[in-house]
2 protein chains.
Amino acid sequence: MTAEPSTTPRPSAQGPGAARQHTLRERNLQLVARAVFDAPTPLSRADVAAATGLTRATVSTLVDRLVEGGLVSELPPVAAQRAGRPAVPLVPAGRSVVGLGLEVNVDYLGARVLDLTGEVVVSRVTAGSFHDSDPADVLGTLGTLARDVVAEVHDGGMRLAGARLALPGLVDARTAELEVAPNLGWSSLEPVPLLGLRGPDGSEVPVVVANEAKLAALAELAGDVPSSFLYVSGDVGIGAGIVVDGRLLAAERGWNGEVGHVVVDPAGPRCSCGAYGCLEQYAGKEEILRSAGLPVDASLAELLELLRSHDRGAGAAVQRAGRALGSALADFVNLLGVSTVVLGGVYTELEPWLRDEVLTVMGERVLAAPFVSLEVRAAQAGQYAALSGGAREVLREVVAYPAAWV
Amino acid sequence: MTAEPSTTPRPSAQGPGAARQHTLRERNLQLVARAVFDAPTPLSRADVAAATGLTRATVSTLVDRLVEGGLVSELPPVAAQRAGRPAVPLVPAGRSVVGLGLEVNVDYLGARVLDLTGEVVVSRVTAGSFHDSDPADVLGTLGTLARDVVAEVHDGGMRLAGARLALPGLVDARTAELEVAPNLGWSSLEPVPLLGLRGPDGSEVPVVVANEAKLAALAELAGDVPSSFLYVSGDVGIGAGIVVDGRLLAAERGWNGEVGHVVVDPAGPRCSCGAYGCLEQYAGKEEILRSAGLPVDASLAELLELLRSHDRGAGAAVQRAGRALGSALADFVNLLGVSTVVLGGVYTELEPWLRDEVLTVMGERVLAAPFVSLEVRAAQAGQYAALSGGAREVLREVVAYPAAWV
DNA sequence: GGCGTTTTGTTGTATGGCTGAACTATTGCG
DNA sequence: CGCAATAGTTCAGCCATACAACAAAACGCC
């Protein structure tokens, strides 16, 4: 278990390396895997051939490999209504290869395992309060939890492809270092060794660290969002993930999407970052609560309660946040040319009260507004989206480089 | 002339199509071409083999194809200082395959031809005043100019790979339609047919339309910029190009980089776009001139004159623009995670007076500022950068898909 | 119920492009 | 002048795909 492929640098399926014979294999395996995994309804080998442009002969050998490798399963052939030999439906293999999502956030930590069908195999979340916590302590706890989960998965005969650790802060994708996580009070540390995560057979489990909002953004891809969108996650801080063609837009060191400190009003209140009038001072969770007349450590439920009872102050607070958010998102859309915005984090449940203000301001400020239809919607991935997004991302790589598994 | 390849949809070198034997050829041709074109000093066949990981045998046949196709030239073998058979240096072929850049801007139009070495083969620019002009008229004039240039190139025995038309406005990349160009007074038209451009042998010349600032951004790649940067071009309007890994970041319909209407101050002056306090109201060319005490149709030279003589008002005007620009760029950098900003258009010459303010404000507002070194520099591509950038972009595609030319 | 039709999946054979090793070409050096 | 070193070429072998023929398993029609 805890397989070899993820440790190797990466197959040259589309890398800049020299293309050899086996490169063809890799690419076509990927092509076939994508066809099977992306199809809304199970395809047969012949369908795959038609979809990919490969011949049925080639598709047959490739599919056989994927079945052997445990990435694809064959369903019992179902007699169609038309003439001809019945086709064998191909589907993603369940409970075979799985991905692990891990997360530490301000008020919980958890682990979740997904299989290639997208189903949840195990999910364990523990509530807690990790404001100004000890990294070694918290990550050690998560590591223990993760080890249990990995063992359980292993006993079930599944193979773990890898793991993603989501953290609410600035993560350097190259060095796997957490630069700073203000709301945890953590800074400048390497989280992976602190997990101490090993497979039951003592093998290494490859863990990649990433920003929480970005992984949550990827979780949306399980739904019916377009392949390019902007995900904005509101909490104490405000993070964002930019998804283009189903993949995160990568920056030099992974430090993009820092929407929380976009200028809303240079004459506004001073922000913790040192500047004035940042978005966080208008649409951050604590600021919304405060301006709704609640204590900053109040729960989202309390705010929703007020909103549902048409409380004046709460309504005004959320409207104020909506205007600021709309202004920042308009900048975002002008710069990136994306037309769909998904609201995550606390914004998900506030969406009914935020939506109108956000759309109004965006309509005013987005230059291309007359030509495109801007869409703002609530996130659909449910709670602990980053856990699912992380696991999903691991599995996306499996499908993208299936050659390592056959 | 005016070759066939660009009309075909596109070779499947990295497209999602099925990988066949000849796909290997295409990819490795591309690999070898890139190696030869990107090398700072001429490589031999053996060097290319070492750089790409292909065997010398394979490289030899591939290079022979590229030489036959006129993309690569062999220099006379120069006896090295060390032992062994002297190597044959390979270089991009000059005056063989060429790209055409076209542009209509507010006060000029022009055409420029570059060859694969990056050298200018022909360049013709005509001054004019195209504020509120007739599109058919102006594009017809440009078409005539272009036809002359194409004929000249053809008579010189060169082959034209294609053309890019740069326009200062919102261009839909899919439909090749110009949505709106405020400073020309144009809207909703198809520019390419109005050019009426045909090769001397009556063949079609494939023309792709693009935004002027984006093509100017690509021209910077000829210099020593990093492969990812942000290009901001100041003029009456303010445009931007986002370059990631040497390529423009593509949005759904090509409408990104609209930095001119980013929020600087919601309490600021009303903008022509309908919103308040847009960047253009602080750092647009006309606003800078006005606040420097010059008429809005004054030339950049007059402003520079004032600045050089340490005029108070002019200095303050540029500082004000610099602060606003810094604020907008900080948002940009926070969102995209790029650390290099190139100042183009009128900002190029204003850079010495802008730079400090821009960097100061960015240092305050960029969240990752403590961890990265932000760089702000003046554009280096010279005048009419979009002409060079457009021609360059045509040739980049030739190098990226050399299989069509061998 | 047999038989043609239709569609799926498999089994050869042919082909193109890369590798690897041997070979030729051309220089420097002792 | 012969040897070592480096560049480039030639040729057999291999691998993954295409193409075509074939086997399998249904339907339907008389």
Side-chain angles (χ1 to χ4, degrees), chain A residues 11-13 17-32 35-36 42-68 72 74-90 402-403 406, chain B residues 11-13 17-32 35-36 39 41-68 72 74-90 402-403 406:
Chain A
S12 62
R20 297 165 224 287
Q21 301 289 91
H22 71 88
T23 312
L24 282 188
R25 233 325 122 88
E26 283 175 23
R27 260 212 21 165
N28 286 334
L29 267 174
Q30 174 187 342
L31 205 66
V32 169
V36 171
L43 300 181
S44 68
R45 287 171 169 78
D47 293 333
V48 172
T52 58
L54 294 163
T55 62
R56 286 181 317 204
T58 307
V59 168
S60 252
T61 65
L62 294 175
V63 165
D64 289 348
R65 294 284 179 91
L66 292 175
V67 171
E68 259 179 72
V72 167
E74 297 180 306
L75 294 184
V78 55
Q81 20 275 68
R82 47 168 201 223
R85 170 174 169 179
V88 179
L90 302 168
V406 301
Chain B
S12 62
R20 296 161 225 287
Q21 300 288 89
H22 72 88
T23 311
L24 283 187
R25 222 343 110 89
E26 283 175 22
R27 260 212 21 166
N28 286 333
L29 267 174
Q30 174 188 342
L31 204 65
V32 169
V36 171
T41 165
L43 300 182
S44 68
R45 288 170 170 77
D47 293 334
V48 172
T52 58
L54 294 163
T55 62
R56 287 181 319 202
T58 307
V59 168
S60 252
T61 66
L62 293 174
V63 166
D64 289 349
R65 293 283 178 93
L66 292 174
V67 170
E68 261 179 70
V72 166
E74 296 179 307
L75 294 182
V78 54
Q81 20 276 65
R82 50 174 193 208
R85 173 174 168 177
V88 180
L90 303 169
V406 300

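Each chain gets a letter, A, B and so on, in the order the sequences are listed, and its residues count up from 1.
Taking atom CG of A:Leu31 as the reference point, atom P of D:dT17 lies 11 Å away to the nearest angstrom. Note: CZ (B:Arg25) to P (D:dC15) measures 19 Å, nearest angstrom. Taking atom CZ of A:Arg27 as the reference point, atom P of D:dT17 lies 11 Å away to the nearest angstrom. Whole-Å rounding puts the B:Leu24 CG to D:dA16 P distance at 11 Å. With rounding to whole Å, B:Leu43 atom CG is found 11 Å from D:dG8 atom P. We find that NE2 of B:His22 is positioned 17 Å from P of D:dA16, with the value rounded to whole Å. The distance from atom CG of B:Leu54 to atom P of C:dG20 is 11 Å, rounded to the nearest whole Å. One can place CG of A:Asp64 at 16 Å from P of C:dT8, the figure rounded to the nearest angstrom.
Between D:dA18 and A:Thr55, a contact under 4.0 Å exists linking OP1 or OP2 to a side-chain N or O. At the phosphate of C:dC18, OP1 or OP2 sits under 4.0 Å from a side-chain N or O atom of B:Asn28. At the phosphate of C:dG9, OP1 or OP2 sits under 4.0 Å from a side-chain N or O atom of A:Ser44. Residue B:Ser60 has no polar side-chain atom (N or O) positioned under 4.0 Å from OP1 or OP2 of D:dG8.
Using a 4.0 Å heavy-atom distance criterion, B:Val59 is classed as making no nucleic acid contact. Here A:Arg56 lies in heavy-atom contact (under 4.0 Å) with a base. Counting any heavy atom pair closer than 4.0 Å across all strands shown, B:Thr58 reaches a base atom.
Side-chain atoms of A:Thr61 come within 3.5 Å of backbone atoms of A:Thr58 as a donor-acceptor pair (strictly under, hydrogens ignored). Between the B:Arg27 side chain and the A:Gly17 main chain, a donor and an acceptor come within less than 3.5 Å of each other. With hydrogens and angles disregarded, no donor-acceptor distance shorter than 3.5 Å links the side chain of B:Arg45 to the backbone of B:Leu90. A donor-acceptor pair is defined here as one N or O able to donate and one able to accept, closer than 3.5 Å; such a pair exists between the side chain of B:Asp47 and the backbone of B:Ser44.
Taking every side-chain heavy atom of B:Ala57 into account, D:dT10 is the closest of C:dG17, D:dT10, D:dT9. The B:Arg20 side chain lies nearest to D:dT17 when the options are D:dT17, D:dG8, D:dT9.
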Pairwise N/O distances under 3.5 Å, protein to nucleotides 1-6 of chain C:
residue: C:dT6; atom: O2; partner: A:Gly84; partner atom: N; Å: 3.1

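Just one residue in the list A:Leu43, A:Asp64, A:Thr52 forms a side chain to side chain contact (heavy atoms under 4.5 Å, CB included) with A:Val59, and that residue is A:Thr52.
If you take CG on A:Leu62 and CG on A:Leu31, they are separated by 9.0 Å, rounding to the nearest 0.5 Å. Expressed to the nearest 0.5 Å, how far OG1 of B:Thr23 lies from CG of A:Leu24 amounts to 6.5 Å.
Place B:Pro86 and B:Arg65 on DNA chain C by their nearest nucleotides, and B:Arg65 ends up nearer the 5' end.
Contact record, A:Ala49 with A:Arg56: CB-CG, 3.8 Å, taken as the closest heavy-atom pair.
One can find a donor-acceptor pair under 3.5 Å joining the base of C:dG16 and the side-chain atoms of B:Gln21.
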